[in-house]
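These notes concern the structure reproduced below.
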Amino acid sequence: MQALLSSRMFSTVQTVAVAVLCILFAIQYSAAVFPSVLRACPRNSTDLNQCIIDVVNELRPRLATGDFGENFTIASVEPIKIDRLTIERGENFKANFTNFRISGATHEKTGFIVKKLKTDLKTKQINATVLLPKLQVNSKYALRMSILVLQINGNGDLQVNLTDTRASLKLTFYTETVDGEEYFRFNPIVLKVKFGKARFYLKNLFNGDPTLEAVGNQAINENPDVLLDEVKEGIEENLAKLFTKIASEVVKDALYEEVFPSG
């Protein structure tokens with residue numbers, strides 16, 4: 001499968017990853033790199049992992065705007081903006097999506113939840129599982145695909161309601177010696193996505209024929225994995241590269257001793 005995916009695909013998960021990383025690196029971090037809203041979690045905390053999860057959940061309103069105060073900002077996630085997503089797999093599947101808008105990641109009642117987080121300083125590994133209860137995607141689309149015996153094609157407006165999407169991240173780190181100092185570094189991040197329920201509505205299928213459009217949408221919604229499975233691998237690969245870049249930028253000037261003080 002050839003998948004040319006926008007690097008901002010599903011940036012809701014990206015934002016949660018940034019929050020987790022920033023909070024983790026704020027643990028007893030003496031340098032004035034992170035804003036005061038990132039409440040510190042001591043290394044010797046009785047439940048370090050839960051402390052980090054609690055702080056991430058507290059930050060949900062700030063993630064909506066990207067404003068952490070004190071001149072510390074990240075990209076706003078309401079809505080997420082994606083330029084283009086193109087997928088081709090022979091003649092049986094061709095899709096092009098543009099002008100993505102993904103909403104709902106930081107909603108007060110249905111926004112993201114960090115379900116699990118485990119930090120192991122001995123093995124230099126961090127594992128996290130994030131639940132995104134409700135997301136809405138709006139975009140322009142051009143699509144040609146086969147579902148069972150039905151050949152679906154069209155172009156127009158797309159809306160997708162996603163329920164209970166999960167993402168798991170595995171982060172491993174190491175140190176690099178530069179001018180006698182040990183700096184904190186990340187290996188490429190491993191990421192997996194698991195979709196829950198999805199409800200699609202594609203307007204203007206079959207050139208807007210109302211009967212065929214209804215049939216096409218019904219077929220897609222009865223077999224949503226046919227479409228979701230096509231994008232899954234590309235999403236995982238691109239998000240893993242993006243998260244690795246984000247993680248590396250967050251700690252690019254951080255010494256290992258500053259990130260994880262010995263005392």
Transitive ILVMFWY side-chain link Leu158 to Ile147, under 4.5 Å: yes
Working to the nearest 0.5 Å, report the span between OG of Ser168 and NZ of Lys192. 8.0 Å
So, using salt bridge (charged side-chain N to carboxylate O under 4.0 Å, His left out) as the criterion, who are the partners of Lys115 when residues are at least two apart? none
Could you check whether atom CG of Asn207 has more than 12 heavy atoms from other residues, nucleotides or ligands sitting under 6.0 Å from it? no
Quick check: are there more than 12 heavy atoms from other residues, nucleotides or ligands sitting under 6.0 Å from NZ of Lys94? yes
Using atom types as modelled, flag every donor-acceptor pair under 3.5 Å from a side chain in residues 221-228 to any protein atom, sequence neighbours excluded.
from, atom 1, to, atom 2, distance (Å)
Asn221, OD1, Phe200, N, 2.6
Asn221, ND2, Phe200, O, 2.8
Asn221, ND2, Asn217, O, 3.0
Glu222, OE2, Gln218, NE2, 2.9
Asn223, ND2, Ala219, O, 3.0

Per the side chain to side chain contact (heavy atoms under 4.5 Å, CB included) rule, which among Asn153, Leu150, Ile152 passes with Met145? Ile152
Heavy-atom count around Lys134 NZ within 6.0 Å, excluding the residue itself: above 12? no
Between Asn49 (side chain only) and Thr119 (backbone N and O only), is there a donor and an acceptor less than 3.5 Å apart? yes
To the nearest 0.5 Å, atom NZ of Lys124 lies from atom CZ of Phe186 at 12.0 Å
same_hphob_cluster(Ile126, Val190) at 4.5 Å side-chain heavy-atom cutoff: no
How close do Asp209 and Thr211 get, counting heavy atoms only, and between which atoms? OD1-N, 3.1 Å
Can you name the nearest heavy-atom pair linking Tyr141 to Gly154, along with the distance? CE1-O, 3.2 Å
If every non-hydrogen atom of Leu162 is compared with every non-hydrogen atom of Ala198, which pair is closest and at what distance? CD2-CB, 3.7 Å
How would you list all residue pairs meeting salt bridge (charged side-chain N to carboxylate O under 4.0 Å, His left out) that involve residues 151-165, not counting sequence neighbours? Lys140-Asp157
Same cluster or not: are Leu212 and Leu205 linked, directly or through other Ile, Leu, Val, Met, Phe, Trp or Tyr residues, by side-chain heavy atoms under 4.5 angstrom apart? yes
Assess, by modelled atom type and distance only, whether the side chains of Thr177 and Glu182 contain a donor and an acceptor separated by less than 3.5 Å. no
Taking only residues two or more places apart in sequence or in another chain, which ones pass salt bridge (charged side-chain N to carboxylate O under 4.0 Å, His left out) with Arg144? Glu91
Is a donor from one side chain sitting under 3.5 angstrom from an acceptor on the other, for Glu213 and Tyr201? yes
What do the steps show when you test Asn127 against Lys170 for side chain to side chain contact (heavy atoms under 4.5 Å, CB included), and what is the final call? CA-CA 5 Å; Asn127 291 280; Lys170 179 180 179 180; 3.4 Å; yes
For Thr129, side chain to side chain donor-acceptor pair (under 3.5 Å) partners two or more places apart: none
List for me each residue that meets salt bridge (charged side-chain N to carboxylate O under 4.0 Å, His left out) alongside Glu176, sequence neighbours excluded, and say none if there are none. Arg185
What are the two closest non-hydrogen atoms of Leu143 and Ala95, and how far apart are they? CD1-CB, 3.7 Å
Find the distance between NZ (Lys118) and CD1 (Ile53) and round it off to the nearest 0.5 Å. 12.5 Å
Any donor-acceptor pair under 3.5 Å from Asn96 side chain to Thr86 backbone: no
Could you tell me which non-hydrogen atom of Leu132 sits nearest to which non-hydrogen atom of Phe112, and how far apart they are? CD2-CB, 3.5 Å
With hydrophobic residues grouped by side-chain heavy-atom distances under 4.5 Å, do Phe195 and Phe97 end up in a single group? yes
At their closest point, which heavy atom of Phe93 faces which heavy atom of Glu230, and how far apart are they? CE1-CG, 3.5 Å
